Peer 1: 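The structure that follows is given in the form of structure tokens.
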Amino acid sequence: MKLLRYGPQGQEKPAILDAEGQVRDLSGHVADFAGAAVSLEALDTIRKIDISTLPVVANPGRIGACLASVPNFYCIGLNYAKHAAETGAEPPKEPIIFSKATSSLSGPFDPVVIPRNSVKADWEVELGVVIGREALYVSEADALSYVAGYCTINDVSEREFQIEKGGQWIKGKSAPTFGPTGPYLVTADEVGDPQKLGLTLSLNGEVVQDSNTDDMIFGVAKIISYMSQFMKLVPGDIIATGTPSGVGMGMKPQRFLKPGDMMEIEVKGLGAQKQTAEAAS
């Protein structure tokens, strides 16, 4: 299934994409997509609905983030071999885990707002993983059975805030609009192997990131299993699994977002995003 949310910000309704690509309203069956509403059990209930009986939304308008909110917005750092190389970092021996503020969650076509005092705003196409059931002390062999679905994420980052201000990376990852997510939550059964997905990001029409999840140092199953040794993952948690090479910080000379820049982001099979950067008021 491809699940999505449409409507003005703060007034989104849940929907599903049918086989013909039409948006079908699910609000008569589901309040919204968040937390327990994207658990494996909840998704099984949606699967039993005859989609052809749902109202067609002829003009859905704005598409919101595929999740209304998230309990936790986790991220994995330096998780692509070529990206680690471009930053000059040693490949990590264990997954590097950090968080984005949950308030950074935003729609896939909403503007990305460059925060006040920012000088190094950067882009990062990533595969997002949404957890579908509680995961604690999970084996790598079983880890993918805890996944509700996958989505496209742009892990927008402010590198000066992240690296040069001291402390933890979360400061550079958490500004409002720094977490464009969606357009779809694609259920795991439709995706298959998450280590065989192409990722691209274009800046003003120029492809700057073009890779595949097979370049991950730690695959999705390893990430979930590893994280579950230290914390309990819960339904609706999202994990951004790292970005491939081609970020602005890794370019020579470095290149960062400025107002008017346009980003087009896609993870193959999970849907495309498009955002224009604008300055904070």
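Positions are given from 1 along the sequence. Just so it is clear, the model here is predicted, and its values are computed rather than measured.
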Peer 1: What is the distance from atom CG of L197 to atom CE of M216, rounded to the nearest 0.5 Å?
Peer 2: 8.0 Å
Peer 1: Would you check if V56 and E20 make a side-chain contact, meaning some heavy-atom pair closer than 4.5 Å?
Peer 2: no
Peer 1: Does any donor atom in the side chain of N154 or Q273 lie under 3.5 Å from an acceptor atom in the other side chain?
Peer 2: no
Peer 1: Verify side chain to side chain contact (heavy atoms under 4.5 Å, CB included) between V147 and V191, making sure each step is shown before the conclusion.
Peer 2: CA-CA 11 Å; V147 176; V191 175; over 6 Å; no
Peer 1: Any donor-acceptor pair under 3.5 Å linking the side chain of K100 with the backbone of G179?
Peer 2: no
Peer 1: If you link ILVMFWY side chains whenever their heavy atoms are less than 4.5 Å apart, which other residues fall into the same cluster as Y146? By chain and number, please.
Peer 2: V138
Peer 1: Report yes if some heavy atom in the side chain of P244 is under 4.5 Å from a heavy atom in the side chain of V125; otherwise report no.
Peer 2: yes
Peer 1: Any chance CG of D50 has more than 12 other-residue heavy atoms, nucleotides or ligands included, within less than 6.0 Å?
Peer 2: yes
Peer 1: Give the minimum heavy-atom separation between S174 and S99, together with the two atoms involved.
Peer 2: OG-O, 4.4 Å
Peer 1: Do K13 and V57 come within less than 4.5 Å of each other through their side chains, counting heavy atoms only?
Peer 2: no
Peer 1: Honestly curious: do L17 and I63 fall in one hydrophobic cluster under the side-chain, below-4.5 Å linking rule?
Peer 2: yes
Peer 1: Nearest 0.5 Å please: distance from the OG1 atom of T276 over to the CZ atom of F109.
Peer 2: 11.5 Å
Peer 1: Assess whether side chain to side chain contact (heavy atoms under 4.5 Å, CB included) is satisfied between S145 and R133, documenting all intermediate values.
Peer 2: CA-CA 9 Å; S145 69; R133 60 183 172 124; 2.9 Å; yes
Peer 1: Roughly how far, to the nearest 0.5 Å, is OG1 of T243 from CD of E126?
Peer 2: 5.0 Å
Peer 1: Are V113 and M263 grouped together when hydrophobic residues (ILVMFWY) are joined by side-chain heavy atoms under 4.5 angstrom apart?
Peer 2: no
Peer 1: Could you check whether any side-chain heavy atom of P180 comes within less than 4.5 Å of a side-chain heavy atom of V156, counting everything from C-beta outward?
Peer 2: yes
Peer 1: Can you tell me if CD on E90 sees more than 12 non-hydrogen neighbours from other groups inside 6.0 Å?
Peer 2: no
Peer 1: Other than F98, what residues sit in its cluster of Ile, Leu, Val, Met, Phe, Trp and Tyr side chains whose heavy atoms are under 4.5 Å apart, directly or through others?
Peer 2: L78, I96, W169
Peer 1: Given 3.5 Å as the limit, does a donor-acceptor pair link the side chain of S225 with the main chain of A143, or not?
Peer 2: no
Peer 1: Spell out, yes or no, whether I163 and F256 are grouped together once hydrophobic residues are joined by side-chain heavy atoms under 4.5 Å, including indirect joins.
Peer 2: yes
Peer 1: Would you please test L203 and L257 for side chain to side chain contact (heavy atoms under 4.5 Å, CB included) and show each step?
Peer 2: CA-CA 9 Å; L203 181 66; L257 292 171; 3.8 Å; yes
Peer 1: What are the two closest non-hydrogen atoms of P194 and Y150, and how far apart are they?
Peer 2: CG-OH, 3.6 Å
Peer 1: Who clusters with V38? Use side-chain heavy atoms, under 4.5 angstrom, across I, L, V, M, F, W and Y, and order the result by chain and number.
Peer 2: M1, L3, I16, L26, V30, F33, L43, I46, I49, I51, L54, L67, V70, F73, L105, V130, I153, L185, I238
Peer 1: Mind checking whether I265 and Q275 have side chains closer than 4.5 Å, heavy atoms only?
Peer 2: yes
Peer 1: Backbone N or O of N212 within a donor-acceptor pair of the D215 side chain at under 3.5 Å?
Peer 2: no
Peer 1: When rounded to the nearest 0.5 angstrom, what distance separates SG in C66 from NZ in K2?
Peer 2: 12.5 Å
Peer 1: Just grab all the salt bridge (charged side-chain N to carboxylate O under 4.0 Å, His left out) pairs involving residues 164-185, residues at least two apart or on different chains.
Peer 2: K120-E164, E124-K173, D155-K173
Peer 1: Looking at CD of E140 and OG of S228, how far apart are the two atoms once the value is rounded to the nearest 0.5 Å?
Peer 2: 10.5 Å
Peer 1: Are L199 and M251 linked, directly or through intermediate hydrophobic residues, by side-chain heavy-atom contacts shorter than 4.5 Å (ILVMFWY only)?
Peer 2: yes
Peer 1: Does the side chain of E12 come within less than 4.5 Å of R62's, by heavy atoms?
Peer 2: yes
Peer 1: Verify the cluster assignment for Y226 and Y74: are they in a single hydrophobic cluster under the rule of side-chain heavy atoms below 4.5 Å apart?
Peer 2: yes
Peer 1: Is it true that atom CZ of F230 has more than 12 heavy atoms of other residues, nucleotides or ligands lying nearer than 6.0 Å?
Peer 2: yes
Peer 1: Determine which pairs satisfy salt bridge (charged side-chain N to carboxylate O under 4.0 Å, His left out) with at least one residue from residues 228-247, sequence neighbours left out, and list them in order.
Peer 2: E134-K232
Peer 1: Can you name the closest pair of heavy atoms from G205 and S202 and give their distance?
Peer 2: C-CB, 4.3 Å
Peer 1: To the nearest 0.5 Å, how far apart are CD in E264 and OG1 in T200?
Peer 2: 9.0 Å
Peer 1: Can you name the closest pair of heavy atoms from E41 and G132 and give their distance?
Peer 2: OE1-O, 4.4 Å
Peer 1: Do V220 and L127 have side chains that get closer than 4.5 Å, going by heavy atoms?
Peer 2: yes
Peer 1: List, by chain and number, the other hydrophobic cluster members for M262, where Ile, Leu, Val, Met, Phe, Trp and Tyr join if side-chain heavy atoms come within less than 4.5 Å, directly or indirectly.
Peer 2: none
Peer 1: Do P92 and I217 have side chains that approach each other closer than 4.5 Å (heavy atoms only, starting at C-beta)?
Peer 2: yes
Peer 1: With respect to D122, which candidate in R159, Q162, Q254, R255 satisfies the side chain to side chain donor-acceptor pair (under 3.5 Å) definition?
Peer 2: R159
Peer 1: What closest approach, in Å, do Q209 and W123 show between heavy atoms, and which atom pair accounts for it?
Peer 2: OE1-CD1, 3.5 Å
Peer 1: Would T177 and D110 count as a side chain to side chain contact (heavy atoms under 4.5 Å, CB included) if you check the C-alpha gap in whole Å, the side-chain angles of each, and the deciding distance to 0.1 Å?
Peer 2: CA-CA 8 Å; T177 75; D110 295 342; 5.8 Å; no
Peer 1: Tell me whether N204 at atom CG has more than 12 heavy atoms from other residues, nucleotides or ligands lying less than 6.0 Å away.
Peer 2: yes
Peer 1: Looking at F218, is its backbone amide N or carbonyl O close enough to the side chain of N79 to form a donor-acceptor pair, meaning the two atoms are under 3.5 Å apart?
Peer 2: yes
Peer 1: Of all heavy-atom pairs between L270 and P183, which one has the smallest distance, and what is that distance?
Peer 2: O-CD, 4.1 Å
